[in-house]
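Written below as structure tokens is the structure these notes are about.
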Amino acid sequence: MAGKKVKVAFICNISARKECYRKRKKGIIKKMREIKILCDIPACAIISNPFNSNNTEVWPDLEEAKQVIERYQNLSQIDKTKNVNQESFVLQRLTKAREKLEKQRQEIRDKEMTIRMIQYMKNKNLPDDVSVSDLKHFQKLIEENLKDIDNKLNGSN
């Protein structure tokens with residue numbers, strides 16, 4: 001049978017508050033023990049006594065509690081590097097998108113330059129508006145195309 005619904009509010013009567021503290025502390029420790037056994041996870045509880053500041057209860061014991069806390073602190077340090085918050089996620093996506101955009105711009109430039117290079121080869125002369133950087137880009141494209149041709153020739157043999 002379920003217990004009656006408890007109104008969650010400060011208990012004014014000090015003896016009733018001490019009794020409630022004692023019962024709830026016992027319940028918390030019971031639940032911690034159950035979760036540790038049933039789920040096989042490290043667990044600890046540190047319960048400060050509001051009626052006696054020198055009496056802080058540590059379950060299961062101080063040494064095990066220290067180990068659980070150290071494990072938690074170590075994991076939280078690792079999780080800080082693994083966890084991605086919303087801001088860093090957006091920044092990562094933005095960086096990837098910029099890189100992709102730059103790569104696409106370069107591919108478009110290469111294709112445009114290849115088309116211009118073919119047109120110049122058909123006409124057998126270069127227009128006056130060709131810059132030094134365009135010529136260097138042409139050279140790079142010619143070298144890449146020659147490598148591709150060599151690889152195709154060597155691969156088919």
Side-chain angles (χ1 to χ4, degrees), residues 1-117 131-134 136-152 154-155:
M1 195 183 242
K4 63 181 177 177
K5 189 170 180 171
V6 177
K7 181 181 171 190
V8 180
F10 181 73
I11 303 169
C12 295
N13 184 334
I14 193 158
S15 61
R17 195 164 60 239
K18 284 182 181 181
E19 183 62 22
C20 182
Y21 166 78
R22 187 185 62 75
K23 286 180 181 177
R24 295 211 177 244
K25 179 181 77 168
K26 184 178 176 183
I28 287 173
I29 290 174
K30 180 181 176 191
K31 289 293 180 190
M32 294 300 291
R33 186 180 298 111
E34 289 172 358
I35 198 166
K36 184 177 180 184
I37 292 168
L38 295 173
C39 300
D40 190 32
I41 59 169
C44 72
I46 302 170
I47 304 170
S48 179
N49 187 339
F51 307 105
N52 182 357
S53 60
N54 295 332
N55 188 9
T56 300
E57 184 149 347
V58 179
W59 181 88
D61 60 49
L62 187 58
E63 196 55 43
E64 248 184 277
K66 283 181 181 178
Q67 290 173 353
V68 171
I69 291 169
E70 284 177 16
R71 181 173 183 226
Y72 171 75
Q73 288 173 333
N74 291 339
L75 283 177
S76 62
Q77 290 298 324
I78 292 168
D79 287 345
K80 283 179 186 172
T81 59
K82 281 196 308 190
N83 271 350
V84 178
N85 63 20
Q86 190 68 24
E87 183 182 0
S88 64
F89 174 75
V90 170
L91 289 174
Q92 286 176 355
R93 293 292 301 250
L94 186 60
T95 302
K96 286 181 182 180
R98 283 183 178 147
E99 290 171 357
K100 187 175 180 180
L101 177 63
E102 190 55 39
K103 184 176 179 183
Q104 288 176 340
R105 283 181 177 159
Q106 186 61 38
E107 287 174 2
I108 290 170
R109 178 161 164 71
D110 287 350
K111 287 178 182 177
E112 287 174 347
M113 294 300 279
T114 301
I115 290 168
R116 287 178 71 188
M117 182 176 62
S131 67
V132 175
S133 65
D134 286 345
K136 287 181 180 179
H137 200 86
F138 284 149
Q139 181 182 0
K140 183 183 116 190
L141 285 174
I142 291 169
E143 289 171 358
E144 287 175 3
N145 287 330
L146 286 173
K147 283 181 187 176
D148 287 343
I149 292 170
D150 284 342
N151 288 337
K152 287 178 183 176
N154 291 334

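Values reported hereafter were calculated over all heavy atoms of this structure, with side chains retained and with hydrogens, waters and symmetry mates removed.
- In this structure, NZ on K147 lies 7.5 Å from CD on E144, to the nearest 0.5 angstrom.
- Counting non-hydrogen atoms of neighbouring residues, nucleotides and ligands closer than 6.0 angstrom, the CG atom of D40 reaches no more than 12 such neighbours.
- Residue E99 holds its CD atom at 10.0 Å from CG of L94, rounded to the nearest 0.5 Å.
- With contacts defined as side-chain heavy-atom distances shorter than 4.5 Å, the pair K136/V132 qualifies.
- Contact check for P50 versus R17: no side-chain heavy atoms found under the 4.5 Å cut-off.
- The number of heavy-atom neighbours closer than 6.0 Å to NZ of K140, taken from other residues, nucleotides and ligands shown, is above 12.
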Worked verdict on Q106 versus D110 for side-chain hydrogen bond (donor to acceptor under 3.5 Å, both in side chains): CA-CA 6 Å; Q106 186 61 38; D110 287 350; 3.2 Å; yes
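- Just one residue in the list I46, N49, I29 forms a side-chain contact (heavy atoms from CB on, under 4.5 Å) with E57, and that residue is I29.
- For C44 against I69, the heavy-atom pair with the smallest separation is SG-CG1, 4.4 Å.
- Other residues, nucleotides and ligands place more than 12 heavy atoms under 6.0 Å from the CZ atom of R109.
- For the pair R71 and P42, the minimum side-chain heavy-atom distance is below 4.5 Å.
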Worked check of salt bridge (Lys or Arg N to Asp or Glu O under 4.0 Å) between E34 and K31: CA-CA 5 Å; E34 289 172 358; K31 289 293 180 190; 3.7 Å; yes
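- Going from atom CD of E107 over to atom CD of E102 covers 11.0 Å, rounded to the nearest 0.5 Å.
- A salt bridge links E19 with R22; the closest basic N to acidic carboxylate O contact falls under 4.0 Å.
- The closest side-chain heavy-atom distance from K36 to E64 is below 4.5 Å.
- Rounding to the nearest 0.5 angstrom, the gap separating the CZ atom in R116 from the CG atom in L141 is 11.5 Å.
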Derivation and outcome, side-chain contact (heavy atoms from CB on, under 4.5 Å), residues Y21 and I11: CA-CA 10 Å; Y21 166 78; I11 303 169; over 6 Å; no
CA sep, side-chain torsions, deciding dist, call: M113, D134, side-chain contact (heavy atoms from CB on, under 4.5 Å): CA-CA 8 Å; M113 294 300 279; D134 286 345; 3.5 Å; yes
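- How far NZ of K66 is from CG of D61: 10.5 Å, rounded to the nearest 0.5 Å.
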